[in-house]
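Reminder, nothing fancy here: chain letters follow the sequence lines and each chain counts from 1.
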Amino acid sequence: MLDLQLLRKEIDPVVARLKARGFDFPMNDFQALEAARKSVQTRTEELQATRNSASKRIGQAKAKGENVEAIMAEVAGLGDELKASEVKLAQIQEQMAALLLDVPNTPHESVPPGKSADDNLEVRRWGTPRAFDFAVKDHLDVGAAVAGLDFEAAAKLSGARFAVLRGGVARLHRALAAFMLDTQTQKHGYLEHYTPYLVNAETLQGTGQLPKFKDDLFSVKKGGAGADEAELYLIPTSEVSLTNLVRGDILEAKQLPMRLTAHTPCFRSEAGSYGKDTRGFIRQHQFDKVEMVQIAHPDTSYQALEEMVGHAEAILQALELPYRVLLLCTGDMGFGAAKTYDLEVWLPAQNTYREISSCSNCESFQARRMQTRYRDEKGKPQLVHTLNGSGLAVGRTLVAVLENYQNADASVTIPQALQPYMGGLTRIAAA
RNA sequence: GGAGACAUGGCCGAGUGGUCGAAGGCACUCCCCUGCUAAGGGAGCAUACGCCUUAAAAGCGUAUCGAGGGUUCGAAUCCCUCUGUCUCCGCCA
């Protein structure tokens, strides 16, 4: 959510920044609501002040045993107008809040302008794609060859976009998650968390998934719950649960930065992505991710973003998977982000790089929704900055390992860094 | 699932219809005193928003005592609903 004060004072530059990311700010609606708000709020508070002072005088008069009928008569007619005015003000404020909740974050000045993924800026590459002297299989075929990836079984259980992992591949998946979590906690100073996978609507509003992206979420109800009962939502990423841990808190400056991590499943209905990546393990309704979240001081949040990208890169480097780093353009960023780097890993079967991590600084966008603040030197509460990044997406890392480490004999070599997590195993044999 | 108790400011805790945004204590900040890492005295110390203002401050006003609704001229205080916490019983991994 953007700063309402800023919109009141300097709306034009803000609107221009939003335009850069392809968002048309509803200027007319905003100004109409602002004008209505101003007059109704002033009138409401005026009426409230009249009532309050009269009530106070009634109290004082009664204490002295004086007759209060004259004062009562003063406020007798007030009730209806006050009530109507309060209701109207509440409506206006609700509409304003709804309008603001649908407005994305403004891009940081260092973000390149652009309309789509084509305009993203490649920042650097790491590693050299391996030269294969045999026909490269994609991860589905590699997975099938070691009897480790079964989409038909998953379809029977749940439908499309689910997978069953088996044997060495299932273990590899677990090893990857454990390796990532250990790296982020032991080398990069993140505090490990285990969090709920089901969260309420306020939580999702805090990080920006609601109200605008309801269709991308899965929701559940308690057995026997009525239609009107509150739903819980399956988290689309543990960014949601980790970031909201500090919702409503006023932190001490010395607590910052907080570095939080968790390994959780993520659930996405991917409502807008039908037809994309329908084959394989790339785009699933359920996938695991190790998430990094930082609650940072505004002065150092961009430095923290660069570090966080490094924390994600460290995983790919340890696994010796070639990748590149992209700086997303204004038009390709997520709703709450002010600046985003994507990491893309090399997938030889697709002969291209595919997204495996996304690291964003949301500045105060989420903090304002969550009312998460810290106390500055003067003791005044100020909004924190929040950052999140994948460190990494476990499922896609599994895909990258299967493809990059496949052998001519249909076995899969286990990256050295993972071997301790696989009981010393060095390869997954063909079935 | 059943029975009961509770929810107040950074923390503890008083407050059952009226000068209550809220006593007192702790913590914190400033000042004074004290020749010493102690004690004492004084003052300050919630958040958000509106109006005013070039801006800030000051000032004035509004809202907030778990959340939402209701009664009333007036609600932390009374009524209803919800959420959460604690204790006991049941069930359960």
Side-chain angles (χ1 to χ4, degrees), chain A residues 1-13 30-31 33-97 99-101 194 196-206 221-233 244-256 364 367-384:
Chain A
M1 190 155 69
L2 299 180
D3 183 5
L4 186 53
Q5 304 285 359
L6 189 70
L7 286 172
R8 285 184 186 139
K9 284 178 195 153
E10 307 176 47
I11 190 156
D12 290 335
F30 175 78
Q31 286 176 336
L33 279 171
E34 244 317 83
R37 188 225 96 223
K38 200 163 180 170
S39 70
V40 175
Q41 180 166 354
T42 310
R43 181 63 184 150
T44 304
E45 293 185 353
E46 212 173 272
L47 292 167
Q48 285 169 330
T50 307
R51 179 203 60 197
N52 288 349
S53 78
S55 295
K56 203 168 242 183
R57 279 185 287 132
I58 290 173
Q60 288 164 352
K62 277 201 170 175
K64 291 184 205 150
E66 293 168 5
N67 190 310
V68 295
E69 272 175 38
I71 314 175
M72 296 279 268
E74 273 181 48
V75 282
L78 226 67
D80 288 345
E81 191 191 349
L82 179 57
K83 188 119 206 163
S85 194
E86 281 175 341
V87 167
K88 198 169 172 194
L89 181 62
Q91 284 170 350
I92 290 167
Q93 282 172 335
E94 215 167 282
Q95 287 170 33
M96 183 61 95
L99 185 152
L100 289 177
L101 283 173
Y194 171 82
Y197 302 155
L198 293 168
V199 297
N200 56 34
E202 296 80 68
T203 299
L204 286 154
Q205 182 169 304
K221 282 179 184 168
K222 276 188 199 174
D228 54 342
E229 287 201 44
E231 296 177 307
L232 290 173
Y233 298 84
N244 275 280
L245 287 173
V246 294
R247 187 171 83 225
D249 289 353
I250 299 178
L251 307 162
E252 293 306 321
K254 62 173 187 256
Q255 289 178 263
L256 305 177
S364 57
R368 187 169 294 106
R369 291 172 166 236
M370 297 192 300
Q371 283 302 300
T372 301
R373 291 162 294 173
Y374 72 96
R375 288 189 190 278
D376 66 16
E377 317 76 54
K378 291 176 184 163
K380 286 288 158 208
Q382 307 284 353
L383 294 169
V384 298

ask   = Between Glu252(A) (CD) and A27(B) (C1'), how many Å, whole number?
value = 11 Å

query = Which pairs pass salt bridge (Lys or Arg N to Asp or Glu O under 4.0 Å) with one or both residues in residues 69-83 of chain A, sequence neighbours excluded?
reply = Arg43(A)-Glu81(A), Arg57(A)-Glu74(A)

query = If you measure from the C1' atom in G18(B) to the same atom in G9(B), how many Å do you get, rounded?
reply = 22 Å

request  = Write down the distance between CG (Asp80(A)) and P (C73(B)), rounded to a whole number of angstrom.
outcome  = 12 Å

Watson-Crick/G-U partner (both atom distances under 3.5 Å) of A22(B) = none

request  = Write down the distance separating the C1' atoms in G25(B) and C82(B), rounded off to the nearest Å.
outcome  = 34 Å

request  = Please state the C1' separation for the pair U29(B) and U85(B) - nearest whole angstrom.
outcome  = 34 Å

message = Once you apply a heavy-atom cut-off of 4.0 Å, does Glu202(A) come out as touching a base, just sugar-phosphate, or nothing?
response = nothing

ask   = Counting any heavy atom closer than 4.0 Å, what does Arg43(A) reach on the DNA or RNA strands: base, sugar-phosphate only, or nothing?
value = nothing

request  = Describe the nucleic acid contact of Lys380(A) in one word from base, sugar-phosphate, nothing, applying a heavy-atom distance below 4.0 Å.
outcome  = sugar-phosphate

request  = Would you kindly check whether a donor in the side chain of Lys56(A) faces an acceptor in the base of G18(B), or vice versa, at under 3.5 angstrom?
outcome  = no

query = Just by protein heavy atoms under 4.0 Å, how would nucleotides 58-67 of chain B read 5' to 3' in B, S and -?
reply = ---BSS----

ask   = So what's U71(B) paired with, Watson-Crick or G-U wobble, going by both distances under 3.5 Å?
value = none

task = Write down the distance separating the C1' atoms in C45(B) and C11(B), rounded off to the nearest Å.
result = 14 Å

task = Find the distance Leu82(A):CG to G70(B):C1' and express it as a whole number of Å.
result = 15 Å

query = How would you label the contact of Arg57(A) with the nucleic acid (heavy atoms, under 4.0 Å): base, sugar-phosphate, or nothing?
reply = nothing

query = For G40(B), what is the paired nucleotide under Watson-Crick or G-U wobble rules, both distances under 3.5 Å?
reply = C32(B)

note = Rounded to whole Å, CG of Asp249(A) lies from P of G9(B) at a distance of 14 Å

task = Looking only at side-chain atoms of Arg37(A), point me to the closest of C51(B), U47(B), C73(B).
result = C51(B)

remark   = Rounded to whole Å, the CD1-C1' distance (Ile250(A) to C28(B)) equals 15 Å

Residue pair Ser85(A) / Leu47(A): nearest heavy atoms and the distance that separates them = CB-CD1, 4.2 Å

key: For Glu252(A), all residues meeting side-chain contact (heavy atoms from CB on, under 4.5 Å), sequence neighbours excluded   = Lys254(A), Gln255(A), Arg375(A)

request  = Check whether any side-chain heavy atom of Leu256(A) sits under 4.5 Å from a side-chain heavy atom of Val384(A), and report yes or no.
outcome  = yes

query = Of all the nucleotides listed (G74(B), C51(B), G70(B)), which has the minimum atom distance to the side chain of Lys83(A)?
reply = G70(B)

